[in-house]
Amino acid sequence: DTGVSQNPRHKITKRGQNVTFRCDPISEHNRLYWYRQTLGQGPEFLTYFQNEAQLEKSRLLSDRFSAERPKGSFSTLEIQRTEQGDSAMYLCASSLAFYGYTFGSGTRLTVV
Amino acid sequence: QKEVEQNSGPLSVPEGAIASLNCTYSDRGSQSFFWYRQYSGKSPELIMFIYSNGDKEDGRFTAQLNKASQYVSLLIRDSQPSDSATYLCAVNMAQGGSEKLVFGKGTKLTVNP
């Protein structure tokens with residue numbers, strides 16, 4: 001068990017570019033979550049997968065955001081046409097049942 | 001009304017004192033409650049969870065839950081400088097076959113040597 005792995009750790013991109021982040025959950029965990037956190041705020045829910053099914057997507061997410069979890073293993077989060085307001089820490093978490101999440105180290109996105 | 005509310009602090013206590021962190025939530029149907037610790041620049045780390053009314057103790061940490069008042073708290077006894085961090089309260093919210101944790105903004109705790 002190597003924990004939840006996220007790549008890259010940091011990403012700097014120009015406004016208007018597309019970015020993709022990857023999350024590898026703990027292997028036996030069937031639940032996977034994406035959150036976004038900005039300075040001084042708690043993590044904000046983005047989306048939830050149980051196995052390969054995306055069961056919930058936050059209403060706060062625009063159509064520029066998409067997430068996948070093919071075969072119920074790793075997940076990717078893509079942001080198209082990035083905006084400066086997308087700058088944040090993107091956190092992935094996984095769990096087996098509902099006993100609390102294990103978070104990855106996060107991907108810090110800076111849009112310039 | 002925000003779903004999970006915490007005093008943002010900062011809360012400052014001397015080393016060895018008891019730190020008390022509070023959280024209220026809006027969804028009466030919530031059944032499980034979590035406290036995470038987050039050091040600056042790091043991701044949240046689970047320190048305690050509680051499901052039943054009353055107290056739950058784990059070492060220097062005690063979580064308290066009062067579902068009637070929709071109130072959760074975390075007490076840290078014998079506070080140490082290494083406890084200085086932001087503490088996030090999280091509440092499980094289930095709806096339509098999905099469930100997720102909803103987080104408060106966090107309370108920043110500083111323990112002074």
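From a predicted model like this one, the values you see are computed outputs, not experimental measurements. Each chain gets a letter, A, B and so on, in the order its sequence line appears, and its residues count up from 1.
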Asker: Heavy atoms, side chains only, cut-off 4.5 Å: are B:Leu101 and A:Tyr33 in contact?
Answerer: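 Side chain of B:Leu101 against side chain of A:Tyr33, heavy atoms only: no contact under 4.5 Å found.
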Asker: Report all side-chain donor-acceptor pairs from residues 72-80 of chain A shorter than 3.5 Å, counting only partners two or more places apart or in another chain.
Answerer:
unit_1, atom_1, unit_2, atom_2, d
A:Ser73, OG, A:Pro70, O, 3.3
A:Ser75, OG, A:Trp34, NE1, 2.9
A:Ser75, OG, A:Glu68, O, 2.7

Asker: Given the rule in the ring pair (Phe, Tyr, Trp, His ring centres under 6.0 Å) test, do A:Tyr35 and B:Phe103 qualify, once you have shown the distances and angles that lead to the verdict?
Answerer: CA-CA 10 Å; A:Tyr35 282 75; B:Phe103 287 83; 5.5 Å; yes
Asker: For A:Glu44, is it the side chain, the backbone, both, or neither that has a heavy atom closer than 4.5 Å to a heavy atom of chain B?
Answerer: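 Nothing of A:Glu44, per the 4.5 Å heavy-atom cut-off to chain B.
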Asker: Considering residues, nucleotides and ligands other than B:Lys108, do more than 12 of their heavy atoms fall under 6.0 Å from its NZ?
Answerer: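 Not more than 12 within 6.0 Å, no.
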Asker: With A:Arg81, which residues qualify under salt bridge (Lys or Arg N to Asp or Glu O under 4.0 Å), at least two apart?
Answerer: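 Here no residue qualifies.
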Asker: Is there side-chain contact between A:Glu56 and B:Glu99, with at least one heavy-atom pair below 4.5 Å?
Answerer: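 Side chain of A:Glu56 against side chain of B:Glu99, heavy atoms only: no contact under 4.5 Å found.
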Asker: Please check if B:Ile18 and B:Ile47 belong to a single hydrophobic cluster, counting links between Ile, Leu, Val, Met, Phe, Trp and Tyr side chain heavy atoms closer than 4.5 Å.
Answerer: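 No, it is not one cluster - the side chains of B:Ile18 and B:Ile47 are not joined through contacts under 4.5 Å.
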Asker: Side chain, backbone, both or neither: which part of B:Gln38 has a non-hydrogen atom closer than 4.5 Å to chain A?
Answerer: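 Just the side chain, heavy atoms under 4.5 Å.
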Asker: Got a sec: does the NZ of A:Lys57 have more than 12 other heavy atoms crowding it under 6.0 Å?
Answerer: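 More than 12 heavy atoms, drawn from other residues, nucleotides or ligands, come within 6.0 Å of this atom.
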Asker: What option among B:Ser98, B:Gly106, B:Gly104 has the most heavy-atom pairs under 4.5 Å with chain A?
Answerer: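 Result: the option with the highest number of such pairs is B:Ser98.
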Asker: Are B:Val72 and B:Leu11 in one and the same hydrophobic cluster, where Ile, Leu, Val, Met, Phe, Trp and Tyr link if side-chain heavy atoms are under 4.5 Å apart?
Answerer: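 As far as the 4.5 Å side-chain criterion goes, B:Leu11 and B:Val72 are connected within one cluster.
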Asker: Any side-chain heavy-atom pair from B:Lys100 and A:Tyr101 closer than 4.5 angstrom?
Answerer: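 Of all side-chain heavy-atom pairs linking A:Tyr101 with B:Lys100, at least one is under 4.5 Å.
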Asker: Can you confirm whether more than 12 heavy atoms, excluding those of A:Arg15, are under 6.0 Å from its CZ atom?
Answerer: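 Counting neighbours around CZ of A:Arg15, 12 or fewer heavy atoms of other residues, nucleotides or ligands fall under 6.0 Å, so no.
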Asker: How far does CD of A:Gln6 sit from OG of B:Ser43, to the nearest 0.5 angstrom?
Answerer: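 Between atom CD of A:Gln6 and atom OG of B:Ser43 there are 8.0 Å.
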Asker: Given the rule that I, L, V, M, F, W and Y join up when any side-chain heavy atoms are under 4.5 Å apart, are B:Trp35 and B:Leu75 in one cluster?
Answerer: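 No, because B:Trp35 and B:Leu75 fall into different hydrophobic clusters, even though each may have its own neighbours under 4.5 Å.
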Asker: What side-chain donor-acceptor pairs closer than 3.5 Å can you find for residues 48-55 of chain A, not counting sequence neighbours?
Answerer:
unit_1, atom_1, unit_2, atom_2, d
A:Tyr48, OH, A:Gln50, OE1, 2.7
A:Gln54, NE2, A:Thr47, OG1, 2.6

Asker: State plainly whether one hydrophobic cluster holds both A:Leu91 and B:Leu46, where clusters connect Ile, Leu, Val, Met, Phe, Trp and Tyr through side-chain heavy atoms under 4.5 angstrom apart.
Answerer: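 Linked, A:Leu91 and B:Leu46 end up in one cluster.
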Asker: Which residues in residues 102-112 of chain A have any heavy atom lying under 4.5 Å from a heavy atom of chain B?
Answerer: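 Expected list: A:Phe103, A:Gly104, A:Ser105.
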Asker: Just verifying a value: how many Å separate B:Thr86 OG1 and A:Gln41 CD, rounded to the nearest 0.5 Å?
Answerer: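 Going from OG1 on B:Thr86 over to CD on A:Gln41, the span is 11.5 Å.
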